[in-house]
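Only one structure is covered here, and it is reproduced in the block below.
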Number of protein chains: 2
Amino acid sequence: MDHTDGPRPRAVTIYDVAREAGVATSTASRALSNPGRVSERTRAHVVAVAERLGYVPNRIAQALPSGRTGLFALVIPDITNPHHVGLIRGAEAQAAAAGHSLVLADSQEDAAVELAHLRRLASFVDGFLLVSPRAPADELAALLHRHPAAVFNRPLAGLPGVVTDIDAASAQVVRHLAERGHRRIAYLRGPDTSWADGERHRTLAAHAAEHGLEFAATGHHPAVLDSGAPAAEAGLATGATALIAFNDLIAIGVLQHLERLGIDVPGRVAVVGADDVFGASFCHPPLTTVTSPAELAGRALVDLVTGTAPDDPVLPSELVVRGSTGPAR
Amino acid sequence: MDHTDGPRPRAVTIYDVAREAGVATSTASRALSNPGRVSERTRAHVVAVAERLGYVPNRIAQALPSGRTGLFALVIPDITNPHHVGLIRGAEAQAAAAGHSLVLADSQEDAAVELAHLRRLASFVDGFLLVSPRAPADELAALLHRHPAAVFNRPLAGLPGVVTDIDAASAQVVRHLAERGHRRIAYLRGPDTSWADGERHRTLAAHAAEHGLEFAATGHHPAVLDSGAPAAEAGLATGATALIAFNDLIAIGVLQHLERLGIDVPGRVAVVGADDVFGASFCHPPLTTVTSPAELAGRALVDLVTGTAPDDPVLPSELVVRGSTGPAR
DNA sequence: ATGAAAGCGCTAACAG
DNA sequence: CTGTTAGCGCTTTCAT
């Protein structure tokens, strides 16, 4: 049987409440959602009647005149990535605290899917939370013309947003590796549509130059565990003694591949990830990585889109040294 | 500035389209969403005008008469649990494929929060996807009276649902441990509001009896990593040589605690988890666990709530043997 | 402080 | 095949 078909048993409306309470619908409405503009006596009476009848306001009907649903769309490139889970969690918590809810949209790293989500959801939500959006800036701008939005990890003209302090993280990573005696390092790039990837590439190269280190880059690699093998091969081929992966997923995949190859980590090659996802602390060896302000970012996005500007649009990220880095061979 | 305040620039309505196309609104409506009930010529014309004006139907307005939003609420006890991520992913994918979207609701293992979500979202969604709901059955029933719902891992009278084949999984776990020579096993229980926990407890005890094994249980333990230490202590105190945790989160926490204690796994004690979450294959030692049909379950929930009954409400779960189990001391 | 009435944008009878 | 009209449930002027 199809539960979505057929008329649902009709619910108690505000008309029922008004009639039962012997007042006009407008009075009932005010008593319920605009107290203070009605006498205490009638307010209490209407509320009591509503309670007794089991009245629950129809939020679609509420939304039609106001245009506000209290729903926000959270658009994510890849739900599978554990990194994004922190973001979902932060956003959900902050939204719930403000009485809002999130509509989840997974764009599967596909710009077209992402844009389709924006179009589909536009008339339904009060705003968009865009996590590292992949679509071209002009197309995003066109679709978001009449909708508030906040963006994580991608500066977009005219849209508020927060970003990870990638430069600070890269500086710490490079300094750490230089101190451990590495002379040649390689960056295993992530998706080419990722702004964060470009930033990591740029800042790692710059800091490597400062320290007089040789720098190479490989990729782009998809941000998934399975990229580990090809990324590791490409990284090793550069002759680097330290491999810095775009994120922990790739880094853990790299560790697994190196283990299969019998290559000692960190003895022969060091590995660094990014995001400090669940699992990074107990993989083998435990992964040196940089933290991601994911949960913070999720909260900040909700704040931004609801009009509360955060103090600082640059969110902290810092190095966590674990077993996967060590002195160069 | 506050993006949510102030009137949004008003959008193109179907009236605009109808006027511009020189037809009645009903004709425009039919041309756009009920083709075949209008001449091909006017259809094409209206569509062209709509396109030119950049018309996008207002989904709230569409939803008001029909009562259908195409939104489904996914209610989860704990977003943090990586196990649930598979479920979210499966549900999102299946919903998206059918042109629906998901509203995310995290009840944080709290029955009151769960019920509050149902109340808040009821008038907004076409149905509920309940993942291991924690609230009392009668309260759930009362709130879901007029809303379709599908449930994962908790049989609820009158509601369609799917469950994991916990009995089969338990049978395999116990047989595996018996074959490895364990004579006394302990189950580290999960949340007391979890139906799955009760089932695992019951079936593990039954199969242990079949095999002539001694069986003990400890807990309830919250289903988080930090439960690992107390759960491990309680489990060891039972004198068991094999500890079966409610889920992988607890199991991995147990592994970490045993490592700190210098207790050899699986030499001195074996550890088994459940769900086969991300990380289970590369923790130390890799965790023997049972798979969870999470993604499948997510898809099945969407199918159920949209009226497509799945073939079998019992979803497969099977043992994956890794390094954390071995012969008893 | 309260009531009457209009309108949010769309769909679905009901006519023609 | 197309136009007219009512109505989904609620909020909000505008009167009183």
Side-chain angles (χ1 to χ4, degrees), chain A residues 5-47 49-50 53-70 120 122-126 146, chain B residues 5-47 49-50 53-70 120 122-126 146:
Chain A
D5 280 350
R8 233 175 262 163
R10 67 187 296 101
V12 179
T13 76
I14 202 169
Y15 292 107
D16 301 326
V17 174
R19 183 168 7 88
E20 186 74 12
V23 299
T25 54
S26 52
T27 304
S29 173
R30 282 187 283 251
L32 260 14
S33 51
N34 217 342
R37 300 184 45 71
V38 70
S39 86
E40 170 54 24
R41 198 166 159 291
T42 51
R43 193 202 59 76
H45 179 223
V46 169
V47 167
V49 170
L53 263 45
Y55 169 72
V56 180
N58 180 327
R59 299 192 53 197
I60 301 173
Q62 284 183 315
L64 188 49
S66 69
R68 318 273 246 56
T69 57
R120 269 180 38 71
S123 60
F124 240 131
V125 300
D126 294 347
R146 44 168 46 90
Chain B
D5 280 350
R8 233 176 261 163
R10 69 187 296 100
V12 179
T13 76
I14 201 168
Y15 291 108
D16 301 325
V17 175
R19 183 167 7 85
E20 186 74 12
V23 298
T25 55
S26 54
T27 303
S29 173
R30 282 187 285 251
L32 261 14
S33 51
N34 216 342
R37 301 183 47 71
V38 71
S39 85
E40 170 54 25
R41 198 168 158 293
T42 48
R43 193 202 59 76
H45 179 223
V46 169
V47 167
V49 170
L53 264 44
Y55 168 72
V56 180
N58 180 327
R59 300 191 55 197
I60 301 172
Q62 284 184 315
L64 188 51
S66 69
R68 318 272 247 54
T69 56
R120 269 179 38 72
S123 60
F124 239 131
V125 299
D126 294 346
R146 45 168 44 92

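Note on naming: letters A, B, ... go to the chains in the order of the sequence lines (proteins, then strands), and numbering restarts at 1 for each one.
- Shown here are the side chain to side chain donor-acceptor pair (under 3.5 Å) partners of S29(B), two or more places apart in sequence or in another chain: there are none.
- For the pair L32(A) CG and dT2(C) P, the computed distance is 14 Å after rounding to whole Å.
- Among dC8(D), dG3(C), dT2(C), the nucleotide with an atom closest to any side-chain atom of V23(A) is dG3(C).
- Partners of R37(A) according to the salt bridge (charged side-chain N to carboxylate O under 4.0 Å, His left out) rule, which considers only residues two or more places apart in sequence or in another chain, do not exist here.
- In this structure, S33(B) has no side chain to side chain donor-acceptor pair (under 3.5 Å) partners at least two apart in sequence or on a different chain.
- Rounded to an integer number of Å, the gap from CZ of R19(B) to C1' of dG9(C) is 13 Å.
- What separates NE2 of H45(A) from P of dT2(C) is a distance of 12 Å, to the nearest Å.
- Legend: residues meeting side chain to side chain donor-acceptor pair (under 3.5 Å) with S39(B), ordered by chain and number and at least two apart, are T42(B).
- Residue pairs meeting the salt bridge (charged side-chain N to carboxylate O under 4.0 Å, His left out) criterion with at least one member in residues 17-28 of chain A, sequence neighbours excluded, are D16(A)-R19(A), E20(A)-R52(A).
- Contact annotation: the side chain of Y55(A) never approaches that of V49(A) to less than 4.5 Å [non-hydrogen atoms, C-beta and beyond].
- Between the CG atom of L64(B) and the P atom of dC8(D) there is a distance of 9 Å, rounded to whole Å.
- Scored by the salt bridge (charged side-chain N to carboxylate O under 4.0 Å, His left out) test, R59(B) finds no partners at all (sequence neighbours excluded).
- Rounded to 10°, the angle separating the first-five-pair axis and the last-five-pair axis of the helix from dA1(C)-dT16(D) to dG16(C)-dC1(D) equals 40°.
- Ranked by how close their nearest DNA chain D nucleotide is to the 5' end, N58(A) and E40(B) are led by E40(B).
- Every salt bridge (charged side-chain N to carboxylate O under 4.0 Å, His left out) that R43(A) has, sequence neighbours left out, goes to E40(A).
- Taking atom CD1 of residue I60(A) and atom P of nucleotide dG9(C), one finds them 16 Å apart after rounding to whole Å.
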For every nucleotide of nucleotides 11-16 of chain C, 5' to 3': is a protein heavy atom under 4.0 Å from its base (B), only from its sugar-phosphate (S), or from neither (-)? BBB---
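- Contact check, T13(B) against dC8(C): no side-chain N or O comes under 4.0 Å of OP1 or OP2.
- In this structure, the side chains of V56(A) and V12(A) stay at 4.5 Å or more apart for every pair of heavy atoms.
- S66(A) comes within contact range of no nucleotide atom at all, as no heavy-atom separation falls under 4.0 Å.
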